[in-house]
Amino acid sequence: MKDEQNISTVYEPQKVEKKWYQIWEKAGYFEAKVDREASRFSIVMPPPNVTGSLHLGHALDNTLQDILTRWHRMQGEDTLWLPGTDHAGIATQARVEEHLAKEGLSKEDLGREKFLERVWAWKKQYGGHITTQLRKLGASCDWSRERFTLDEGCSEAVKEVFVRLYEKGLIYQGNYIINWCPKCQTTISDIEVEHEPHAGKIWHIRYPVMDSDEELIVVTTRPETMLGDTAVAVHPEDERYRKLIGKKLRLPLTDRVIPIIADDYVDKEFGTGAVKVTPAHDPNDFAMGLRHNLEQITVLDRQAVMNEHAGKYAGLDRYEARRQIVADLEQLGFLVKVEEHENAVGQCYRCDTVIEPMVSKQWFVKMKPLAEPAIQAVKDGRIRFVPERFTKIYLGWMENIRDWCISRQLWWGHRIPVWYCQDCDKVICAKEEPQVCSKCGSAKLVQDPDVLDTWFSSALWPFSTMGWPEETETLKYFYPTSVLVTGRDIIFFWVARMIFSGLEFMSDVPFRDVFIHGLVLDAQGRKMSKSLGNGIDPIEVIEQYGADTLRFMLITGNTPGNDLRFQTERLEAVRNFANKIWNASRFALMNLTDYQEDNSSEYTLADRWIRSRFNRTASEVTRNLARYELGEAARLIYEFIWNEFCDWYIEMVKPRLYGKESEAGRKTAQKVLAQTLRETMQLLHPFMPFLTEEIWQHLPHQGETVMLAPWPKGTEAEMDEQAEQEMTILMDVIKAIRNLRSEMNVPLGKKAHVVLIAQNEQVLAALQKGEGYLLNLAGLAQVDLLLNSPEKPEQAVTAVVSGVEVYLLLQGLVDLDKEKARLEKEKGLMEQEIARLEKKLSNKGFLTKAPPEIVAKEKEKLKDYQIKKEAILERIASLEC
RNA sequence: GGGCAAUUAGCUCAGUUGGUUAGAGCGCAUGCCUCACAUGCAUGAGGUCAGGGGUUCGAUUCCCUUAUUGCCCACCA
């Protein structure tokens, strides 16, 4: 950029982004310091799948974190943004299995150990991908502390937690109904089951009552499970069936006899009011089974194929069995009728396979005791959700939480630290592998084959990554973290679990604030998904538009917590903004080649104005960042740069820089220009780190990097109410003149003559100070400034702005009719406003109840409009004679 | 069946303690290659703030209600 001749008028992010990231990382600017007593700021990054690729959701999430991190770092705080990745149990294992399948191998062919070697190899090959992508985005996280959920430290924490919870009785093993995915061949937790409405059928089946001519008709959506029925339930107060309660039924297609029971769960209104009860294959039936001590008969195996308890249907897939059974029921006269019925079937979140509820021996976390403090911490404000509405979502879930099934029938993950003695019934839970059974001394110990739910380790992330269970410096210094930034889709999966884990093991919340953002949708407002093929690769966007542009686009144009549409037009708009900054900076640098510090001269009105506007903007930006209104903060900077700094200040400062005025004036202009641009780059840096660093480095500065430059929070001393008011008058007048020229078709190149009549001395003073600006920015050859002149210029078009009558002289060019029409229109507008204000100001309620300053303001406005109207009327009158 | 969000200019969205003639970007119209920028400059047109009630001196903003859309949660066979 030093050699202006070679500098493109178009900003090319590709040329600077990589360079700066490498410099930053090498210099260690991202690394957290633990050396001050000053305030500190910490974030743990939600760990993406270790072998995954960056998507726009990650891009948004990490941009928000990076903005907060860079902002706090610039404020001189000890700042830690701790990155890492997740082993993503099912997802990663499934991908490696798919890969193996191409070689014609299954994981069983390899065996557990060899298979895990393959997964680690896979991780080694693809594990660096997403972290490289995060670097492209500009993420300023402390890579020296990068963690992985399956690394040694995290594994240590997982074992510690499991053993402690086990010893406390909060982890237990038992036969309960769980969600089984027949495709993934593992259990999944309740929140991993998705319910999609599904057009299906409902069958009415006749169950004959023993020793009677009577029968009960039950309705079911899953006739194949009837082979596992161990009762039929009716409501205890259902008059239709009261006399049948306690009697027996003959279960069709079998030779079994089952009881009729009464249970409140049954809805009298639904179907026939009689429900078949299959405790081994339905969660509600399971619960009822426990209440009534019913036998559990499992009729489906782990492939969702009918098993030996299914008699002649054994070996049939569940859907095939359904068809057979319905056909047989019909043939035997048990089928009453079939109806269309929509119901929500549970599907696996990963593969969409319909879940099979099954009774199985699994490990669970007892949630009630853990949930209680986690509810309290949010209720009493130790943890705050932003936006606040997510508090209710969190509490609603936490208050109704059920026990968490944590064992998974996978190989890739944290192995459950439990061993079973083969010689006695002893179950040993320990961090280290025991050599002999503590009860019988046998050496025949076998470890539980299952691994833990991936989210079990993620739940510990805020402290496991800081070295827990060791009491490390980092942990003492940076825990609890300041804020957690994440998408609202994982509040239950992750946020909730971190909260109860933190409270249980650290005796403190894991974070103070939870900043929730929405989803990135496509241009039509749909979720991005593989099946729709509407996904957008953030890396491609970065390559085309630059990371700064992607970042800025992702955080503007919406409100926290709401979804965001990804639109190319907005990307282009932000690219143009980056280009605008680039060119404003080129302009500045071209005029700073002989820059030297100079404090001698007086600031002009424009100087005072831009300093005031900058500091006010900086103050507002700071305020908004503190409330997580990052989009609003970014918007304020955008408007300052484009609408104030570029559109007005640069234009006003040109004559001085071009040396048309004094040398001292030029030096002052250089100083204010350089300072304001530099500080603006500091203000913008968290949002657009690359562009701002590139420019900042070329401006007069102190320090090594904009990353560590002081944050401009806005100083009161430089806020100048008077300068802003005076500039407002000047800008209004200039805009009015431009408007007149445009309407009268007087091009800017054609120098014009304008007469301005000020209403009072203050206004006149402002106009006098800004005479130069008027000449240059309104394209004037001459401007006459008058105070309250009764003499009005002839042959002119007129506009009235607050405090000033504007006359654009147009000898012989004034179209009287057109001018009159223009004035009439303006008059109409004024009259409308005056009427509105008069009505308001004659309202006693308003006068007595509204705050006095509001009333004063309205009166002021009315006066202003009346003066304007007078001026317009006068003008109209003069045109008529 | 509950809950949440959204409904503002042609399109996508801001509008934060209720108080200027309701804003921006894109698009549109008109005029400009003005020595930082045509990824630009200047000017302009365009809105019953979803409908209906209420509270208030005053409502896009607060409350109720209706409608439409989207999302989340829920054990109805």
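Every heavy atom of this structure was used, including side-chain atoms; hydrogens, water molecules and symmetry mates were not.
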Work out how far the C1' atom of B:C37 is from that of B:C49, and round it to whole angstrom.
36 Å
Of A:T556 and A:W397, the one whose closest nucleotide on RNA chain B sits nearer the 5' end is A:T556
Out of B:C72, B:A36, B:U21, which nucleotide sits closest to the side chain of A:F492?
B:C72
If the P atom of B:A5 is compared with that of B:C62, how far apart are they to the nearest Å?
11 Å
What is the separation between atom CD on A:E399 and atom C1' on B:A74, rounded to the nearest whole Å?
15 Å
Does B:C72 have OP1 or OP2 sitting under 4.0 Å from an N or O in the side chain of A:R488?
no
Using a 4.0 Å heavy-atom cut-off, does A:L847 contact any base of the nucleic acid, only the sugar-phosphate backbone, or nothing at all?
nothing
Looking only at atom C1', what distance separates B:A42 and B:A38, rounded to whole Å?
13 Å
For B:G1, which nucleotide in any strand shown is its Watson-Crick or wobble partner with both distances under 3.5 Å?
B:C73
When you measure only distances, ignoring hydrogens and angles, does the side chain of A:E639 come within 3.5 Å of the base of B:A14 through a donor and an acceptor?
no
Give A:K844 one of three labels, base, sugar-phosphate or nothing, depending on what nucleic acid heavy atoms sit under 4.0 Å from its own.
nothing
Looking at B:A67, which nucleotide sits across from it as a Watson-Crick or G-U wobble partner, both distances under 3.5 angstrom, or is there none?
B:U7
A:R822 has an atom CZ; how far is it from atom P of B:A45, in whole Å?
12 Å
To the nearest 0.5 Å, how far apart are CZ in A:R206 and CG in A:L335?
8.5 Å
Reckon A:K527 touches a base, only the sugar-phosphate, or nothing at all at heavy-atom distances under 4.0 Å?
sugar-phosphate
Hunt down the Watson-Crick or G-U wobble partner of B:C49, both distances under 3.5 Å, from any strand shown, or write none.
none
Looking only at atom C1', what distance separates B:A14 and B:U60, rounded to whole Å?
12 Å
Nearest-nucleotide pick for A:R565, side chain only, options being B:C57, B:U12, B:A77:
B:U12
Choose from B:A77, B:U12, B:C13 the nucleotide whose nearest atom is closest to any side-chain atom of A:N558.
B:C13
Once you round it to whole Å, what is the distance between P of B:U20 and NZ of A:K863?
20 Å
Can a cation-pi geometry be assigned to A:K654 and A:F587, taking NZ or CZ under 6.0 Å from the six-membered ring centre and within 45° of the ring axis?
yes
Under a 4.5 Å cut-off applied to non-hydrogen side-chain atoms, are A:V277 and A:D229 in contact?
no
A:D263 side chain to A:H292 side chain, donor-acceptor N/O pair below 3.5 angstrom:
yes
Looking only at side-chain N and O atoms, does A:Y658 come under 4.0 Å of OP1 or OP2 in B:A36?
yes
Take A:P560 and A:W648, find for each the nucleotide of RNA chain B with the closest heavy atom, and name the residue whose nucleotide sits nearer the 5' end.
A:P560
Starting at atom CZ of A:R402, determine the distance to atom C1' of B:C73, rounded to an integer number of angstrom.
12 Å
Which nucleotide, B:A36, B:C26, B:U43, lies nearest any side-chain atom of A:A573?
B:C26
pair A:L774-A:L730: side-chain heavy atoms closer than 4.5 Å:
yes
How many Å lie between CD on A:E342 and P on B:C76, as a whole number?
13 Å
Taking only the side-chain nitrogens and oxygens of A:Y865, find out if one of them lies under 4.0 Å from OP1 or OP2 of B:U21.
yes
Contact under 4.0 Å: A:K839 side-chain N or O vs B:C57 OP1/OP2:
no
Can you check whether A:R635 has a side-chain N or O nearer than 4.0 Å to OP1 or OP2 of B:A14?
no
Please give the distance between the P atoms of B:C32 and B:G70 as a whole number of Å.
48 Å
The reported gap from CD1 in A:I650 to CZ in A:F645 (rounded to nearest 0.5 angstrom) is 4.5 Å
Using a heavy-atom cut-off of 4.0 Å across all strands, would you classify A:F390 as base, sugar-phosphate, or nothing?
nothing
Which nucleotide, if any, forms a Watson-Crick or G-U wobble pair with B:A24, using both distances under 3.5 Å?
B:U12
Which distance, rounded to the nearest 0.5 Å, do you find between the CD of A:E572 and the CD of A:E569?
6.5 Å
Base, sugar-phosphate, or nothing: which does A:G557 touch, judged by heavy atoms less than 4.0 Å apart?
sugar-phosphate
Taking only N and O in the side chain of A:N576, is any of them less than 4.0 Å away from OP1 or OP2 of B:G40?
yes
What's the gap between B:U12 and B:C4 when it is taken at their C1' atoms, as a whole Å value?
22 Å
Round to the nearest Å and state the distance from A:L625 atom CG to B:U16 atom P.
18 Å
Length of the CG-P vector between A:N583 and B:C33, whole Å:
19 Å
Between A:K580 and B:A36, is there a side-chain N or O to OP1/OP2 distance below 4.0 Å?
no
Hey, could you give me the CG/CG distance between A:L550 and A:L60, rounded to the nearest 0.5 Å?
9.5 Å
Determine the interatomic distance between C1' on B:C11 and the same-named atom on B:G46; round to the nearest Å.
13 Å
Whole-Å P distance, B:G1 and B:U66:
13 Å
Within this structure, what is the OG-CG distance for the pair A:S619 and A:N624, rounded to the nearest 0.5 Å?
9.5 Å
Looking at every strand, decide which applies to A:R836 at a 4.0 Å heavy-atom threshold: base, sugar-phosphate, or nothing.
sugar-phosphate
Watson-Crick or G-U wobble partner for B:G40, using a 3.5 Å limit on both distances?
B:C32
May I ask you to evaluate whether A:T559 reaches the phosphate of B:A14, defined as a side-chain N or O under 4.0 Å from OP1 or OP2?
yes
Name the nucleic acid region contacted by A:H281, choosing base, sugar-phosphate or nothing; use a 4.0 angstrom heavy-atom cut-off, strictly under.
nothing
Nucleotide nearest A:I650 when distance is taken to its side chain, options B:G40, B:A36, B:G19:
B:A36
Hey, is the side chain of A:K840 poking within less than 4.0 Å of OP1 or OP2 on B:C57, counting only N and O atoms?
no
N or O in side chain of A:H195 less than 4.0 angstrom from B:C72 OP1/OP2:
no
Indicate, yes or no, whether a donor-acceptor pair under 3.5 Å links the base of B:U39 to the side chain of A:R575.
yes
